[in-house]
Enquirer: 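Take a look at this one; I'll ask things after.
Just so you know, these numbers come straight off a predicted model, no measurement behind them. Chain identifiers are assigned alphabetically (A, B, ...) following the order of the sequence lines, protein sequences preceding nucleic acid strands; residue numbering begins at 1 within each chain.
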Amino acid sequence: MTNADVVARLYEMAAYLDMTSVPFKPRAYEKAAQLIAALDRPLAEVVAEGGAKALAAMPGVGKGIAERIAEIIRTGTCPDLEELRAATPVDVMALTAIDGIGPKMVKALYDELGVRTVADLEQAARAGSVRGLAHFGEKTEAKILKGIAFLNQHSGRLPLGAVLDLARELEARLGELPGVERAAVAGSIRRRKELIGDLDFLVIARRPETVMDFFVSLPEVTHVYGKGTTKTMVRLNTGMDADLRVVQPESWGAALNYFTGSKHHNVALRRIAIERGYKLNEYGVFAGEQSIAGRSEEEVYEALGLAYVPPELREDSGEIELAKARRLPSLIEPGTLRGDLQIQTTWSDGANSIEEMVAAARARGLTYIAITDHTHGLAMMGTDDAKLAQQIELIRRLNRTLRDFRVLAGAEVNITKDGTLDTSDEILAGLDVVGIAVHSHFDLPRDEQTARVIRAMENRHADILFHPTGRKPGRREAIAVDIDAIIAAAKRTGTILEIDAYPDRMDLKDEHVRKVVDAGVPLVIDSDAHSVAHMRFPDDFGISIARRGWATANDVINTLPVEEFLARLKDKNSPRRRGGAEN
DNA sequence: GCCGTTTTCGGCCCGACTGTTTTCAGTCG
């Protein structure tokens, strides 16, 4: 039982409890699930050391949930969950994953129509029987079908954020095997694509059989499609397929290149090889029978007369031509960010205090962060004007105690339906950094949606447009906005566009970033952290998106020291910017 | 079900929006 398994069951409990309309309990389970998801220690280890008592010592986990977690780790489930499952035997997690479907609707659909699965629901909606239910109508039925279609489109692929850790861990485990000289993850993970279809691993090993035996016996493996001495294919318990290739040292670079792709990039490379009278395959670059390159990727590109192309650019979208001319951009590197401009704390829906987030930021080598809790329009937990004023005061006091670190007072301000902001200009004027964001009215027509966002960007206090398109990869489409118009408005108004690195968002996405870079509009890369564990998102995911969008460090202004960063914001001559929150 | 520098009981939960409704239930963040 991994932490992710426990988290999944806690969320399932919460969903089932929501069906029964019992107050507060669902939120308690959700909160516990959220906190455990952000934990960087295996729960099984916590239990082994301190039992259920150690679990209950964690914030958000009390006696009740601690006992259930211990039971889940032991048996995979717990009696309460089984009882709930028996009462309403439905695939509640899959059904509630459909946008607009929650636990109550799942219950009604089961009670009235016997819907247990997404397939059942699709059938019922197509037959027009959903609209007959109380509180359901034609629009809901249409929305259900739209939501299912969206999920189907993305089936079989998982977001990068859901697979990167596993890929790295398997890569490390393979690399530690005796007799393994090198191990690497290739494929779309290495290119840092946002949706991953399968995992490709590459290994140099003296005795391939040992590696293959180890690979098929991994606890994560649920099925073996095929096992040989050079290639083995398996299915993992995440539902994802994984391939392992064993190659010889002299072919490592060629194989890594071949298995990293993309297919289009590889085709283009092979065409260049043919032009030069060579042959390129996964074993090397060949002049006749003679291998002239293959040990390293650099060697392979060099043999083809090309500069080394970073994996994130290998999409045959112009990188080959620039590699030929040796004019590839010098992409932004992990570890170069100095600030993080979107961070939530316990003042709204975050799990950690301002001080804890500061400590986590410093530990990552950052020198400034902006605290940007939600404003009151987001009613669940937003800060109102009075609370925000209190927070600004607290941040000022905190800054006096900090050396070589600056906390910026900020907010994640809601954009209302008409494009105004839900917080007064007076309050906004007192903040160092104002982030603005869409959190409602996702379905406005394109013209209206675009005009609304641009109007908000025109606010002279609005510094950064957070998660500009509202997308949730694999779950929800972006809001309908004219991205070119947004970029033009950013340029005109001096509004910075954000790459929200939170793996559920990854917004802006790579191709949008490339447009922003081309337009010369500044970007920031933020974590959107809701806990200290999320502080790694910019380096793990945000930088990848920026690199896939051809961004250099110059395009991303939170690579700048804090004063230079602040100078790039709007109304930089206002008193708060000169004096800052330190005074 | 969790929490506690006022509390071991009584707060927590909340507003906007949508789609279904003549007054509100469900979803979302």
Enquirer: Once you apply a heavy-atom cut-off of 4.0 Å, does A:Leu17 come out as touching a base, just sugar-phosphate, or nothing?
Expert: nothing
Enquirer: When you measure from the side-chain N and O atoms of A:His441 to the phosphate of B:dC17, is any distance below 4.0 Å, counting only OP1 and OP2?
Expert: yes
Enquirer: Can you check the A:Ile36 CD1 to B:dG1 C1' distance for me, whole Å?
Expert: 13 Å
Enquirer: Which nucleotide in the list B:dC28, B:dG1, B:dG29 gets nearest to the side chain of A:Asp99?
Expert: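 Nearest listed nucleotide: B:dC28.
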Enquirer: Are A:Glu67 and A:Lys63 packed together at the side-chain level, in the sense that at least one heavy-atom pair is separated by less than 4.5 angstrom?
Expert: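 The answer is yes; the side chains approach within 4.5 Å.
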Enquirer: How would you label the contact of A:Lys143 with the nucleic acid (heavy atoms, under 4.0 Å): base, sugar-phosphate, or nothing?
Expert: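 No contact.
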Enquirer: On DNA chain B, check which nucleotide each of A:Thr96 and A:His135 is closest to and give me the residue with the more 5' one.
Expert: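 Nearer the 5' end of the strand: A:His135.
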Enquirer: Using the P atoms only, state how far B:dG1 lies from B:dT5, rounded to an integer number of Å.
Expert: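 Going atom to atom, P in each nucleotide, I get 23 Å.
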Enquirer: Is a donor from one side chain sitting under 3.5 angstrom from an acceptor on the other, for A:Asp422 and A:Thr416?
Expert: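 There is no such pair between these side chains.
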Enquirer: Could you tell me how far B:dT7 sits from B:dG11 if I compare only their C1' atoms? Round to whole Å.
Expert: 10 Å
Enquirer: For A:Tyr11 and B:dC28, what is the distance between atoms OH and P respectively, to the nearest whole Å?
Expert: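 In whole Å, B:dC28 P lies 14 Å from A:Tyr11 OH.
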Enquirer: B:dT8 pairs with which nucleotide, Watson-Crick or G-U wobble, both distances below 3.5 Å?
Expert: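 Partner of B:dT8: none found under 3.5 Å.
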Enquirer: Is any side-chain nitrogen or oxygen of A:Ser440 closer than 4.0 Å to OP1 or OP2 of B:dG29?
Expert: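 No.
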Enquirer: Would you say A:Val130 and A:Leu121 make side-chain contact, with heavy atoms under 4.5 Å?
Expert: yes
Enquirer: Using whole Å, report how far CD1 of A:Ile144 lies from C1' of B:dT20.
Expert: 13 Å
Enquirer: Taking CD in A:Gln123 as the centre, count heavy atoms belonging to other residues, nucleotides or ligands within less than 6.0 Å. Is the count above 12?
Expert: no
Enquirer: Identify, between A:Lys25 and A:Ser21, the residue whose nearest nucleotide on DNA chain B lies closer to the 5' end.
Expert: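 Between the two, 5'-proximity favours A:Lys25.
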Enquirer: Please give, in whole Å, the distance from B:dT18 C1' to A:Lys417 NZ?
Expert: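 The distance from NZ of A:Lys417 to C1' of B:dT18 comes to 11 Å, rounded to the nearest Å.
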Enquirer: From the options B:dG29, B:dT20, B:dT27, select the nucleotide whose nearest atom is closest to the side chain of A:Pro103.
Expert: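 Among the listed nucleotides, the one closest to the side chain of A:Pro103 is B:dT27.
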Enquirer: Could you measure between the two P atoms, the one in B:dT18 and the one in B:dC13, and give it in whole Å?
Expert: 24 Å
Enquirer: Closest to the A:Met105 side chain: B:dG29, B:dG1, B:dG26?
Expert: B:dG26
Enquirer: Using a heavy-atom cut-off of under 4.0 Å over every strand shown, decide if A:Val22 touches base, sugar-phosphate, or nothing.
Expert: nothing
Enquirer: If you look at every strand shown and take non-hydrogen atoms under 4.0 Å, does A:Glu30 touch a base, only sugar-phosphate, or nothing?
Expert: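 No contact.
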Enquirer: Can a side chain N or O of A:Arg131 be found less than 4.0 Å away from OP1 or OP2 on B:dT20?
Expert: no
Enquirer: P atom, B:dC2 versus B:dT6: distance in rounded Å?
Expert: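 Approximately 23 Å lies between the P atom of B:dC2 and that of B:dT6.
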Enquirer: Work out how far the C1' atom of B:dG26 is from that of B:dT20, and round it to whole angstrom.
Expert: 10 Å
Enquirer: Would you please determine if the base of B:dC12 is stacked by A:Phe24, with stacking meaning a centroid separation under 5.5 angstrom and planes under 30 degrees?
Expert: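 Stacked: centres under 5.5 Å apart, planes under 30°.
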Enquirer: Determine whether A:Leu55 and A:Val46 make a side-chain contact, defined as any pair of heavy atoms from C-beta on separated by less than 4.5 Å.
Expert: yes
Enquirer: Quick one: CE on A:Met457 to CD1 on A:Ile496, what's the gap to the nearest 0.5 Å?
Expert: 10.5 Å
Enquirer: At under 4.0 Å between heavy atoms, what does A:Asp443 touch on the DNA or RNA strands: base, sugar-phosphate, or nothing?
Expert: nothing
Enquirer: Counting any heavy atom closer than 4.0 Å, what does A:Pro59 reach on the DNA or RNA strands: base, sugar-phosphate only, or nothing?
Expert: sugar-phosphate
Enquirer: If the C1' atom of B:dC14 is compared with that of B:dT8, how far apart are they to the nearest Å?
Expert: 26 Å
Enquirer: Between B:dC9 atom P and A:Lys63 atom NZ, what is the distance in whole Å?
Expert: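 Between P of B:dC9 and NZ of A:Lys63: 15 Å.
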Enquirer: Round to a whole Å and report the spacing from NZ of A:Lys104 to P of B:dC24.
Expert: 15 Å
Enquirer: How many whole angstroms separate atom NE2 of A:His374 from atom P of B:dC28?
Expert: 16 Å
Enquirer: Quick one: A:Lys31 NZ to B:dC13 C1', roughly how many Å, whole number?
Expert: 13 Å
Enquirer: Can any side-chain N or O of A:Glu498 pair as donor or acceptor with the backbone N or O of A:His467 at less than 3.5 Å?
Expert: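 Yes, because the side chain of A:Glu498 sits within donor-acceptor range (under 3.5 Å) of the backbone of A:His467.
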